[in-house]
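Below, chains carry the letters A, B, ... as their sequence lines are ordered, and counting in each starts from 1. Keep in mind it's a predicted model, so treat the numbers as computed, not measured.
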There are 2 protein chains.
Amino acid sequence: MAYSASPIIDHFAGPIGQARLSLEDVFATRVSEFCHAGHSIFWEGDVASDTFRVSEGVLRLYRILPDGRRAITGFAFPGDVLGLAFHDRYFYTAEAVTTVRLRRFPHGRLQALAADCPHLHYEILQVIANELGAAQEQMVLLGQKSAEERVASFLLMNGLRVAKDRSAPIVFDLPMTRLDMADYLGLTIETVCRAVTKLRQAGLVSLEGRHKVFLHKPDELARFAGQDDSGCPGMIKVTHQASWPRHAMANLNDELEPAASRTCDHSH
Amino acid sequence: MAYSASPIIDHFAGPIGQARLSLEDVFATRVSEFCHAGHSIFWEGDVASDTFRVSEGVLRLYRILPDGRRAITGFAFPGDVLGLAFHDRYFYTAEAVTTVRLRRFPHGRLQALAADCPHLHYEILQVIANELGAAQEQMVLLGQKSAEERVASFLLMNGLRVAKDRSAPIVFDLPMTRLDMADYLGLTIETVCRAVTKLRQAGLVSLEGRHKVFLHKPDELARFAGQDDSGCPGMIKVTHQASWPRHAMANLNDELEPAASRTCDHSH
DNA sequence: AATTCCTGTTACAAAATGTTACATATCCTC
DNA sequence: GAGGATATGTAACATTTTGTAACAGGAATT
């Protein structure tokens with residue numbers, strides 16, 4: 001909060017402050033910093049004074065339970081921005097998996113910029129909303145999927161970061177360790193290994209060294225992973241729990257509303 | 001997107017639009033609707049045209065996997081607002097556990113209001129940031145905690161919604177079914193029952209009927225649940241993984257920065 | 001008040017995952 | 001490039017969780 005004004009930044013506060021600033025613009029004004037593998041940018045519980053944008057490299061984001069268990073809540077890749085939730089303290093530790101290049105921007109000052117620039121504010125909201133979507137996806141994975149499904153999902157998710165086309169084989173690099181994967185997927189190292197072996201035997205994936213992955217049939221892998229296809233319009237899913245009637249809700253008209261209360265009368 | 005203007009709302013768009021609007025204010029202008037137990041407000045995959053604020057009652061929020069498994073990603077209680085992530089489609093189904101009273105506000109118009117009122121925009125961001133925090137907490141629970149720890153965490157979490165004081169016994173109502181709890185905690189009904197029984201035998205909780213819960217020793221229950229104490233300043237945790245050096249990062253000074261790159265040199 | 005249905009509980013067998021132990025591969029330093 | 005340290009892979013065994021099934025209890029209806 002007591003940061004001295006930097007001329008590099010101050011032009012944002014002027015009339016240009018109303019321009020369509022993007023997060024990328026904001027961070028572009030800052031110098032690069034480096035964080036080597038195994039070192040941390042910040043720790044869980046630290047006062048959250050800065051936000052960070054990753055330029056190169058990968059971070060693991062984790063929390064530690066009182067008894068020492070480690071839960072990796074996510075990984076940060078180039079382009080990702082950390083600390084945008086504007087909490088008082090960081091909720092997780094951010095540790096470099098590989099050497100990371102990043103830029104930082106002060107928390108409070110970014111908030112001030114966002115207050116003056118709705119577009120920037122909206123972009124921040126979008127980033128957090130996407131993180132929330134990813135977190136919910138992960139909740140589904142951790143709560144409902146088997147070990148093999150989790151590993152398949154993880155490989156596919158990382159593959160699709162590189163190539164969006166599921167119909168063609170994908171080759172990519174997986175920088176994190178097996179322990180990272182395990183702590184992210186809620187499994188042990190051994191279970192991860194077993195699952196990878198099975199996927200290899202099924203001809204769906206193969207490995208070269210520890211970190212290079214080949215997805216031979218991403219499409220089939222997706223089906224195997226129990227990938228949720230929701231959001232694909234026209235896709236009707238058969239379910240066997242109290243969740244059948246998927247017909248679209250119709251009464252979303254928004255005329256001048258009647259004074260009386262309405263009732264959601266969607267059949268069960 | 002083709003909503004006709006409503007006079008009830010339009011005064012927000014005028015000069016008053018710059019006032020410190022709160023989400024509560026915005027929804028207060030709308031009529032109440034009711035949704036009876038078992039019925040849904042919206043479905044996963046529906047086009048997201050409205051946001052909702054719960055006035056009374058409880059909703060379960062869930063996604064369905066292609067093979068029918070149900071993952072409850074959360075519950076919505078009075079005061080909670082749904083749909084603020086402004087995605088094109090709802091990512092989950094919102095179904096009433098009890099009869100629910102709620103108010104709705106059109107997606108696009110709320111976005112427009114937020115663009116004119118930084119305070120409102122900021123409040124929306126806070127809501128999503130809190131949801132994100134809860135989702136990460138849940139990821140830790142699902143990935144790292146045992147069945148009994150999960151149930152203990154769940155009971156405690158719901159108890160603390162009513163009473164913030166962990167040192168005194170808590171009595172509260174748990175409106176959802178055992179199946180809801182199971183699908184939320186990534187367990188089966190039977191495992192939930194067994195866990196509850198053990199907690200009962202340990203003298204930590206007791207039940208009256210299906211939905212009334214007594215937490216006799218919330219403090220002890222919290223310890224049992226492996227509750228993360230992070231965020232409590234001065235709390236140093238002993239860990240046994242690659243996460244030891246928890247000393248605070250010091251070089252967060254933010255002077256006019258040197259042109260050269262810096263390095264995060266926190267020891268590992 | 002009795003019946004019926006639904007939800008919740010318990011016991012035991014089965015499956016999945018975690019543990020332990022050790023072999024092998026890869027990485028890093030010298 | 002040698003050698004040690006670390007990470008990974010595999011297998012046998014232990015534990016936890018699940019699946020199945022039978023039963024108990026509560027609420028709503030008759």
* To do: Check whether the ring centres of A:F214 and A:F172 lie less than 6.0 Å apart, and answer yes or no.
  => no

* Asked: Taking CD from A:E149 and P from C:dA15, how many angstroms apart are they, rounded to a whole number?
  -> 18 Å

* To do: Identify whether any heavy atom of B:L187 sits under 4.0 Å from a base atom; if not, whether one sits that close to sugar-phosphate; answer base, sugar-phosphate or nothing.
  => sugar-phosphate

* To do: Using the closest heavy atom to pick a nucleotide of DNA chain C for each, name whichever of A:G186 or A:G209 lands nearer the 5' end.
  => A:G186

* Look at the side chain of B:R194 against the base of D:dG19 and say whether a donor-acceptor pair falls under 3.5 Å; ignore hydrogens and angles. => yes

* Asked: Counting side-chain heavy atoms from CB outward, which of D:dT8, D:dG26, C:dG18 is closest to A:R178?
  -> D:dT8

* Do A:R161 and A:F77 meet the cation-pi criteria used here (NZ or CZ under 6.0 Å from the six-membered ring centre, within 45° of the axis)? -> yes

* To do: Taking the six-membered ring of B:F52 (Phe, Tyr or Trp), confirm whether the NZ or CZ of B:R103 is under 6.0 Å from its centre and within 45° of its axis.
  => no

* Could you check which of D:dT10, D:dT17, C:dG8 has an atom nearest any side-chain atom of B:S146? => D:dT17

* Report the distance from atom SG of B:C193 to atom CE of B:M181, rounding to the nearest 0.5 Å. => 8.5 Å

* When the distance from CZ of A:R210 to P of D:dT6 is rounded to whole Å, what number comes out? -> 13 Å

* Structure fact -> Considering only heavy side-chain atoms of B:T188, the closest of D:dT8, C:dG18, D:dG19 is D:dG19

* What is the distance from CG of B:L185 to P of D:dT18, rounded to the nearest Å? -> 10 Å

* Asked: Atom NE2 of A:H211 and atom C1' of D:dT8: how far apart are they, to the nearest Å?
  -> 10 Å

* To do: Using whole Å, report how far CD of A:E148 lies from C1' of C:dT17.
  => 12 Å

* To the nearest angstrom, how far is B:K145 atom NZ from C:dG18 atom P? -> 17 Å

* Between D:dT18 and B:T191, is there an OP1 or OP2 to side-chain N/O distance shorter than 4.0 Å? -> yes

* To do: Take atom CG of B:L207 and atom P of D:dA24, then tell me their distance rounded to the nearest Å.
  => 20 Å

* Just compare C:dT20, D:dA21, C:dA25 and give me whichever is closest to any side-chain atom of B:E190. => D:dA21

* To do: Kindly confirm or rule out a cation-pi arrangement of A:R70 over A:Y62, judged by NZ or CZ under 6.0 Å from the six-membered ring centre and within 45° of its axis?
  => yes

* **Residue A:R200, side-chain heavy atoms: nucleotide from C:dG8, D:dT17, D:dT10 that is nearest** => D:dT10

* Structure fact -> B:L179 atom CG is separated from C:dT7 atom C1', nearest whole Å, by 10 Å

* If you check every side-chain atom of A:C193, which of D:dG9, D:dT17, C:dT9 has the closest atom? -> D:dG9

* Given C:dT9, D:dG9, C:dT17, which nucleotide is nearest the side-chain atoms of A:A147? -> C:dT17

